[in-house]
Amino acid sequence: MTKEIWISDVLSGTLVDQEVSLKGWVKRTRSSGKISFITLRDSTGSIQCVAKSGSLPDEQMEALKSSLIETSVIITGLVKADERSGGFEVAVSAAEVVGAVNPDSPFPITESAMAVADGGETEFLLDNRHLYLRTSRMTTMLKIRSSVFGAIHSYFRELDFVEYQAPCFVAGAVEGGSTLFEVPYFGRKAYLTQSWQLYAEAAMPALERLYTIAPSFRAEKSRTRRHLTEFWHAEMEIAWGGNDDVMAHGEALVRHICRTLLDERSQELETLGRDLDLIRRYADNPFPRIRYDEAVERLQAKGVDIEWGQDLDYSKEKILTQDFEVPHFLTHYPRIAKPFYHRPDPDDEKYVLCHDLLAPEGYGEIIGGGERTWSEKEILERIDEEGTPREPYEFYIDVRRYGGVPHGGFGLGVDRVVSWLAGAEHIREVIPFPRDSRRVTP
RNA sequence: GCCGCUUUAGCUUAGUUGGUGGAGCGUGGGACUGUUAAUCCCAAGGUCGCCGGUUCGAACCCGGCAAGCGGCGCCA
């Protein structure tokens, strides 16, 4: 029982006056005496089917008329061009209900629930996420998301990067230890990974150019429009490259994602009310780069209370992004503000060779990356200076003991990129089952 | 960890300066042969988040709790 004809085929206009058998779900019904209108949807679109008494067996007519929203059906009929339905419709000659919906528990997501929560953010819709997935807004988001994932793979694979997987159970932290999820592990403690990076560095001398798209986990209690506890992380690592080389990849990747969305998902983006000119601007223009010091000066000139050495929090990032119409890099943060694996700048050891990529429209950080500390002497100094225990990082230090080379990489928050480019109100809108500090169900 | 807001039918909500709760959608029944969130008539459906207090009387006032949402710090 495979499916050969999709609603999008009918809407393309090539099947006029042909009989088709459409498999799908009832989106809406209207009835006017002896004529019934059924809007049928599948994953590719929706179309109006018109059932008239006498044109199909009575019992099929009755079954169709009493079909509730989300009943699965197979509808057979003649495709007709018809202005009254805004293009094409199907004149029903046969209908088979495959999976009925019980009137005692009809599909709970009604027009009223959708109208108020344009974005699926009410408690009710989050509780019914498994059903909300079927709505057109969520379907559109998931298609855009799929294209972003595809674009990331195609970018790296075209450049001969190798896709490489790191473990999800780990013993040590990448970022600060407070955001680790601890899990029992046969009488010991393990943690869910926060990043692929440390294990990627171990494979760097083997593969030289590698990337991944994988979930990362952070036990942050953040309740913002850009945070999840489980998020999809696209990371890359290259040997024989420095901060500038890594940034060049970050810029090229984000521009490639924008170009891919314009090619594959313009219609979906417009459905969501997104201005395609903005996406074109991001795809076609170089991303400016400013140093941390310049960012601090700019902020101070605007009267923002910030001292040198402070990390830039979201409110300050947001003020900065207002100066730019495209994504832009912030580089050379003070060493004291960043973890041990960032390499100090040989020209001025107060700074590290790192970068963040900030998305415009007030969105904020989507990439964090940089050059790694790559000599044994320097990595031990930095680990000790931070007060971090060496033991969990022995394998990481070994990368430096046996033929260390300059290398670097970045991590991109895939959900954040989708959220930014789709113009979502909240990052939850772009992932099927969002996880945050308050929600692990459904 | 901190600050703020919300909670009334399956969903979205109105409401009473304290006197046993209204509507729209959805569902069920009826009318209608071109509807576009169809329309019209009828019906069922609510311990007004939970616990306690004040009161002759609490959905409404007070206290506590819970859940959810928004935001901050931190980050991708």
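Each chain gets a letter, A, B and so on, in the order the sequences are listed, and its residues count up from 1.
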With sugar-phosphate taken as primed atoms, P, OP1 and OP2 and all else as base, the protein-contact string of nucleotides 22-32 of chain B at under 4.0 Å (heavy atoms; B, S, -) is --B-SSS---B

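Comparing the same atom, P, in B/C11 and in B/U27 gives a spacing of 15 Å after rounding to whole Å. Comparing the same atom, C1', in B/C5 and in B/U47 gives a spacing of 26 Å after rounding to whole Å. Here the separation of B/A37 from B/A76, taken at their P atoms, is 45 Å to the nearest Å. B/U33 and B/G22 have their C1' atoms separated by 37 Å, given to the nearest Å. Rounded to whole Å, the separation between the C1' atoms of B/C3 and B/G45 comes to 40 Å. Straight-line distance between the C1' atoms of B/G19 and B/G57: roughly 7 Å, to the nearest whole Å. Going from the C1' atom of B/G49 to that of B/C69 covers 15 Å, rounded to whole Å. Here, B/U8 and B/G68 have their C1' atoms 16 Å apart, quoted to the whole Å.
Residues A/Asp42 and A/Trp25 have side chains that never bring a donor and an acceptor to within less than 3.5 angstrom of each other.
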Close N/O contacts between protein and nucleotides 72-74 of chain B (under 3.5 Å):
residue, atom, partner, partner atom, Å
B/G73, OP1, A/Asp313, OD1, 3.2
B/G73, OP1, A/Asp313, OD2, 3.4
B/G73, O6, A/Ser222, N, 3.2
B/G73, O6, A/Ser222, OG, 2.5
B/C74, O2, A/Ser222, OG, 3.3
B/C74, N3, A/His227, NE2, 3.1
B/C74, N4, A/Arg226, NH2, 2.9

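Atom CZ in A/Phe37 sits roughly 7 Å away from atom P in B/U35 (whole-Å rounding). Rounded to a whole Å, the CG atom of A/Leu125 is 13 Å from the C1' atom of B/G10. Computed from coordinates, the A/Asp356 CG to B/A76 P distance equals 7 Å when rounded to whole Å. We find that CG of A/Asp82 is positioned 9 Å from C1' of B/G34, with the value rounded to whole Å. We find that CZ of A/Arg439 is positioned 10 Å from C1' of B/C69, with the value rounded to whole Å. Distance, A/Ile35 CD1 to B/U39 C1': 15 Å, rounded to whole Å. If you take CG of A/Asp415 and P of B/A76, they are 13 Å apart, rounded to a whole angstrom.
Among the nucleotides B/G34, B/C69, B/A76, the one closest to any side-chain atom of A/Arg438 is B/C69. Comparing B/U12, B/G68, B/U36 by their nearest atom to the side chain of A/Phe124 picks out B/U12.
Within the 4.0 angstrom heavy-atom criterion, no nucleotide atom of any strand lies near A/Glu235. In this structure, A/Ile109 reaches neither bases nor backbone, as no heavy-atom distance under 4.0 Å exists between it and the strands shown.
The aromatic rings of A/Tyr363 and A/Trp420 sit tilted, their planes meeting at an angle between 30° and 60°.
Contacts between residues 319-331 of chain A and RNA chain B, counted as heavy-atom distances below 4.0 Å, involve no residue at all.
Figure legend: cation-pi geometry between A/Arg209 and A/Tyr164 absent, as NZ or CZ is not positioned both under 6.0 Å from the six-membered ring centre and within 45° of its axis.
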